[in-house]
Amino acid sequence: MIDLYVYYKVRDEHAAQLEPLVRAMQARLAREAGVAVQLKRRPEARDGLQTWMEVYPGVAAAFVDRLAEAAADAGLAPLTEGPRRTEVFVEFTACA
């Protein structure tokens, strides 16, 4: 299992339109894939841009592709500035 973090930029003027789309996408993923979801943003904007973060803890590695498809289906790209960047983290295990 992995923890998936997806971050991207959103123009201030697109935030109110984008938020319900992301929340609907996440609700669908939670319902259909049984994953936990979180949506966060940095408290400040810079140059009219907010940084948003979607968090999906404890998902299978194959979920990365499912999430990319869900984001495309949800039509998020026109309301984001630049790419969605995906980071994958795993549990820390002690070295033997």
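What you see is a predicted model, and the numbers here were worked out from it, not measured in a lab.
- Within the model, atoms CD of Glu32 and CZ of Arg66 stand 5.5 Å from one another, a figure rounded to the nearest 0.5 Å.
- Val55 and Val59 fall into different hydrophobic clusters, defined by Ile, Leu, Val, Met, Phe, Trp and Tyr side-chain heavy atoms under 4.5 Å apart, directly or through other members.
- For the ring-ring contact (aromatic ring centres under 6.0 Å, His included) condition, no pair includes a residue of residues 27-53, sequence neighbours left out.
- Distance check: Leu76 CG to His14 NE2 gives 13.0 Å after rounding to the nearest 0.5 Å.
- Hydrophobic clustering of Ile, Leu, Val, Met, Phe, Trp and Tyr side chains at less than 4.5 Å, counting indirect connections, keeps Tyr7 apart from Leu4.
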Which side-chain N or O atoms in residues 34-45 pair as donor and acceptor under 3.5 Å with protein atoms at least two apart or in another chain?
from: Gln38; atom 1: OE1; to: Lys40; atom 2: NZ; distance (Å): 3.4
from: Arg41; atom 1: NE; to: Gln50; atom 2: OE1; distance (Å): 3.2

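- Cluster membership for Val88 and Tyr5, using ILVMFWY side-chain heavy atoms within less than 4.5 angstrom, is not shared.
- Contacts of Tyr56 classified as ring pair (Phe, Tyr, Trp, His ring centres under 6.0 Å), with partners at least two apart in sequence or in another chain: Phe63.
- A distance of 12.5 Å separates CD in Glu69 from CE in Met25, rounded to the nearest 0.5 Å.
- Linking ILVMFWY side-chain heavy atoms closer than 4.5 Å, directly or via other members, places Leu29 and Met53 in two distinct hydrophobic clusters.
- Heavy atoms of other residues, nucleotides or ligands lying less than 6.0 angstrom from CG of Asp73 number more than 12.
- Taking CD of Glu91 as the reference point, atom CD1 of Ile2 lies at 12.0 Å (rounded to 0.5 Å).
- In this model, no donor atom of one side chain and acceptor atom of the other lie less than 3.5 Å apart for Thr80 and Lys9.
- Heavy-atom minimum distance, Met1 versus Gly58: CE-O, 2.9 Å.
- Taking hydrophobic clusters as Ile, Leu, Val, Met, Phe, Trp and Tyr residues chained together by side-chain heavy-atom distances below 4.5 Å, Leu18 does not share a cluster with Leu49.
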